[in-house]
Amino acid sequence: MKTKSLRKGAVALTAAATLLPATVSLAQEAPKLQIGGTTYTKWLYGNTRQQGAMYNFTTIPNEGSGDNGIGTELELLLNARLSSAVEVRGRIHSRFSQNFWSNFGGFGGNPNAPCVNGDCGEFDARSNQYIKLRGLAVTLTPGYLIDSATIGANDFGQFDPYVVGRIRYIDRDNAYGVLVQGSALERKLTYDVAGISLPRLWAGPNYTTGAFHTTDASYVFQGKYAFNDMFDVGGIFQYAIDNELNTGDFNLDNGRELFPRFRNGVGGVKAGFHWGSVLDVRGAFYRSYMHAENTNYFGVDDKDPRWVPKSFNDINKYSPVPAGKHEDNTWKVDLTLNDPLEIGLSLNAQAFSIGADYVAIMAARRESDVLLTEGHDASFAFPGPNNAKYGVFAGNPTNIGYGGWTSESQQVATLNVDNEFTDFDEPMAETAIGWKGVTFNPVYSNGALDVAGEYSFITYNQNWQAWGDDSRSVTDTDYPGTELGSGVLHNFRSAYQPFQEKQTQIVALKARYVLDFGRGIDVFGKFKYIHDTDKRLNDKKYLPYQDGDCPGGGVACAGNKRYYYDDGAGTQRSTADAVYFQNPGLVTNTDGVSGYQFKPFDDISDDDRVLNYTSFNLGAGYQLTDDLYASLSYTKFMADLQDGNTAFQSYNLHQMVSGKHDKNLVSLKAKYILAGVEFGLEGQYIFGTYTPDYGTGFVPQAADEKISKDHGVAVGSLGFANRYGGWNPLDTRSFEHMRLKAFMKAQF
């Protein structure tokens, strides 16, 4: 027995010794799953009392926006290492929408409600605290042929924001595709190849990729070759295709053919010259081609998701791409001199031109800044003096509030700008389509002092008359006007208007100094000046009516049109064909004075725009404890703007903004970090006045009870009704708003 037992023990030891290396190896290759996460709670408070959603801003119908509410989201982060060559990552994430604490879990609700304010409860994902799978991807690193392959979710930020940029729709990794990356020649040559599913939510005409979307894709290749440390070249090419089912293919025996709804190709070449740490020069040139199906192949019904507009039969339409076929170029040259005199003074400079017809449907929509300039302030980023939608009409409250966004703006090379689901403290993106000019950015640093400046001169590739084509009606255009040129500053997604002759100059200076007191007091300040001119309509032939058509003295206008195009064969074009430029009617005010409802458009200066905009900021911050930092700042915004007169009316759709704007902002910020939990807060008090100045040539009217109720003005206050029946008040307006955002972020 003893001998047998010893023999069995020896066999077991031999087997263990034989299998041990394999067991260790297997253990090293065993999958390893890591689970982490974040919980994020946000408090919003504001005295405009909007509670549409847990975001300050959206333009998406029925999504809602708000400045009041408390909500919480949960994010679970999953990462699994299957082997040294295979990694899996993913997220399970709830998202802010209408998941207010007061929803009490999302129960109840009305399935027939419009689903704003959480009204639909458990019947809709926007208010029932849903959790979604996001960001799932598998990354392969085989060690041969390629460096890596990522299959699944990605933000595709490794490409070029002018062509294929970091894609965000609520989250940065909603886009799915296949990305292959590789290198050769000791990594002097690198390349990236990807196939990306087109987002059907916005990547095509009318913000859709039609009805058949599952095979719609963007294909992109980029490569870069570094000859040495001084010189490198690269190239990128992207082709996007949106197909629909061929309406003429009825034979299903051999499958269904596809017909292109939208195509977009973009090619670019880039080069860089680097002379040590002192001089860096980079240049890029891009050419784009787009074709939106323009034969009415899919019919003329805009309720059909396949439908593509042959043209926009109105001045004010919305689309992320123009109609029809377009080609154009974009280029930029960047130069950096890094302290060449060794005194702490450096210079960045950029020359650029982004074509008016440049289209890259997958270009970065936000969170990428493609130009050196600061651009416009985000405080006035939507039409009207108070960042309203169509503010002359009843029931159109502000979207982001009087204060707008308070971070600096970012420029993107697309019409498809995305500021959805943002709060006031986040960066705002603005389209730079059509911009061309130069920017100089000197930077000085010396010990505790940092100073930076900017001078930019910008003109525009879409400086044209009648959309650049006299032969077409002013309401027959390839270009989506969106909000048009109708705000104090640049409306963030407006690139086109029918008449434009515009120039912009930007001067900025900002500084920061650390005072040697206690833990060190951060003192910071900024000055910014913008001078903007736009003659808009600049030729008398484009005036809508003949000279003397409205003689005044209580006499009605005759309505004799002026034609800017006449082919002699019966085709005539007049701006009077558009409702935006038609003659006024006669009105009589409470004093018995009769005259025109608004000024007749009878002079090319009636729509001229001249803006002198100044802002300055001063503040200080202090590290109160090891965990708590706080700052207090004051910013003043002053706009002296003459934006035409009542003959123009901001295309009748938006509140007029001519006059003097005086806006003040007091901001308190704080950040507190405690053992894995971060708290943040920004509270703002915004106050000021807007004094309208709409010129002369019309008879002011007094608001009645209905106008008072619809537009929030006092009964008897003066104003005028425009061509569409909207109301523009004439009295000085005072505003006083408070808003606050606080958050708690815990990571585990």
Side-chain angles (χ1 to χ4, degrees), residues 38 40-46 48 50 52-60 63-73 75 93 95-99 155 157 161 165-174 202 364-371 374-382 387 398-412 414 416-432 489-493 526 615 617 619 631 633 635 637 663 665 667-671 678-686 737-745:
T38 303
Y40 186 82
T41 298
K42 178 165 65 172
W43 288 262
L44 294 177
Y45 169 81
T48 59
Q50 296 185 56
M54 285 296 301
Y55 294 102
N56 293 160
F57 183 81
T58 184
T59 57
I60 300 174
E63 286 293 339
S65 60
D67 64 347
N68 284 266
I70 311 172
T72 298
E73 67 175 18
E75 179 182 37
H93 203 170
R95 285 310 318 242
F96 288 128
S97 186
Q98 298 170 33
N99 56 317
D155 71 359
R166 177 175 287 111
I167 302 301
R168 176 180 173 184
Y169 191 83
I170 304 180
D171 293 306
R172 294 172 186 83
D173 52 8
N174 279 287
W202 45 260
R365 306 171 71 213
R366 66 173 167 191
E367 295 187 327
S368 297
D369 201 352
V370 303
L371 294 179
E374 276 193 6
H376 301 86
D377 278 356
S379 181
F380 295 96
F382 219 51
N387 291 305
T398 60
N399 278 62
I400 190 67
Y402 276 86
W405 291 270
T406 50
S407 297
E408 294 176 355
S409 59
Q410 304 167 334
Q411 291 75 51
V412 291
T414 179
N416 203 7
V417 184
D418 175 24
N419 287 308
E420 307 301 336
F421 314 113
T422 56
D423 292 322
F424 65 83
D425 62 334
E426 298 183 64
M428 180 214 74
E430 62 176 343
T431 181
L489 289 173
H490 176 221
N491 297 321
F492 68 81
R493 57 181 181 172
K526 179 179 176 181
S615 69
N617 165 269
S631 67
S633 66
T635 308
F637 308 91
K663 182 190 296 186
L665 168 65
S667 176
L668 173 66
K669 298 181 182 180
K671 179 176 286 189
E678 178 185 354
F679 293 86
L681 175 145
E682 181 168 356
Q684 295 185 345
Y685 174 56
I686 303 155
H737 283 259
M738 292 175 287
R739 58 187 183 181
L740 178 145
K741 174 184 175 180
F743 70 85
M744 178 187 71
K745 183 176 183 180

>> I'd like to know if the side chain of Arg365 and the backbone of Asn416 have a donor-acceptor N/O pair within less than 3.5 Å.
In response: yes
> What residues form a ring pair (Phe, Tyr, Trp, His ring centres under 6.0 Å) with Tyr55, not counting sequence neighbours?
Replying inline: Phe421
> Got a sec, which residues hit side-chain hydrogen bond (donor to acceptor under 3.5 Å, both in side chains) with Ser667, two or more places apart in sequence or on another chain?
Replying inline: Glu682
>> Assess the residue pair Gln410 and Glu430 against the criterion (side chain to side chain donor-acceptor pair (under 3.5 Å)); give the C-alpha distance rounded to whole Å, side-chain angles, the decisive distance to 0.1 Å, and a yes or no.
In response: CA-CA 6 Å; Gln410 304 167 334; Glu430 62 176 343; over 6 Å; no
> Which atom pair, heavy atoms only, marks the closest approach of Glu63 to Ala53?
Replying inline: O-CB, 4.0 Å
>> If we ignore hydrogens and angles and just use 3.5 Å, is the side chain of Asn68 paired with the main-chain N or O of Gly46 as donor and acceptor?
In response: yes
>> Checking Asn491 now: which residues fulfil side-chain hydrogen bond (donor to acceptor under 3.5 Å, both in side chains) with it, not counting sequence neighbours?
In response: Ser486
>> Among residues at least two apart in sequence or on other chains, which ones pass side-chain hydrogen bond (donor to acceptor under 3.5 Å, both in side chains) with Ser379?
In response: Lys663
> Of the non-hydrogen atoms in Ala432 and Gln411, which two are nearest, and what is the gap between them?
Replying inline: CB-CB, 3.9 Å
> Can you name the salt bridge (Lys or Arg N to Asp or Glu O under 4.0 Å) partners of Glu367, sequence neighbours left out?
Replying inline: Arg168, Arg172
>> Going by the rule salt bridge (Lys or Arg N to Asp or Glu O under 4.0 Å), which residues pair with Lys42 if we only count those two or more places apart in sequence or in a different chain?
In response: Asp423
> Is the closest side-chain heavy-atom distance between Thr422 and Met428 below 4.5 Å?
Replying inline: no
>> My understanding is that only residues two or more places apart in sequence, or in another chain, count here; which of them pass ring pair (Phe, Tyr, Trp, His ring centres under 6.0 Å) with Phe743?
In response: Tyr40
>> Tell me every residue that passes side-chain contact (heavy atoms from CB on, under 4.5 Å) with Thr38, counting only those two or more places apart in sequence or in another chain.
In response: Glu75, Lys745, Gln747
> What heavy-atom pair brings Ile686 and Leu665 nearest, and what distance separates the two atoms?
Replying inline: CG1-CD1, 3.6 Å
>> According to salt bridge (Lys or Arg N to Asp or Glu O under 4.0 Å), who are the partners of Arg493, at least two apart in sequence or on a separate chain?
In response: Glu483
>> Looking at every heavy atom in both Thr41 and Ile70, which two are closest together, and how far apart are they?
In response: CG2-CG2, 4.2 Å
>> Just verifying a value: how many Å separate Leu668 CG and Ser633 OG, rounded to the nearest 0.5 Å?
In response: 9.0 Å
>> Restricting to non-hydrogen atoms, name the atom on Asn419 and the atom on Phe57 that form the minimum distance, rounded to 0.1 Å.
In response: O-CD2, 3.3 Å
>> Looking only at the side chains, is there a donor atom on one of Ser409 and Glu374 sitting less than 3.5 Å from an acceptor on the other?
In response: no
> Within the distance-only criterion (no hydrogens, no angle test), does the side chain of Asn56 pair as donor or acceptor with the backbone N or O of Ser65 below 3.5 angstrom?
Replying inline: no
> Would you say Thr406's side chain and Phe424's backbone share a donor-acceptor pair under 3.5 angstrom?
Replying inline: yes
> So, Asn387 side chain and Ala381 main chain: donor-acceptor pair closer than 3.5 Å or not?
Replying inline: yes
>> According to ring pair (Phe, Tyr, Trp, His ring centres under 6.0 Å), who are the partners of Tyr402, at least two apart in sequence or on a separate chain?
In response: Phe735, His737
>> If the condition is salt bridge (Lys or Arg N to Asp or Glu O under 4.0 Å), which residues does Arg166 pass it with, not counting sequence neighbours?
In response: Asp155
>> Once rounded to the nearest 0.5 Å, what's the spacing between atom CD of Gln684 and atom CG of Leu740?
In response: 9.0 Å
>> Tell me every residue that passes side-chain hydrogen bond (donor to acceptor under 3.5 Å, both in side chains) with Thr48, counting only those two or more places apart in sequence or in another chain.
In response: Asp67
> Quick one: CG on Leu489 to CZ on Phe380, what's the gap to the nearest 0.5 Å?
Replying inline: 7.0 Å
> Would you call Glu426 and Arg366 a salt bridge, using N to O less than 4.0 angstrom?
Replying inline: no
> Looking at Ser615 and Asp377, what are the two nearest heavy atoms and their distance?
Replying inline: OG-OD2, 3.3 Å
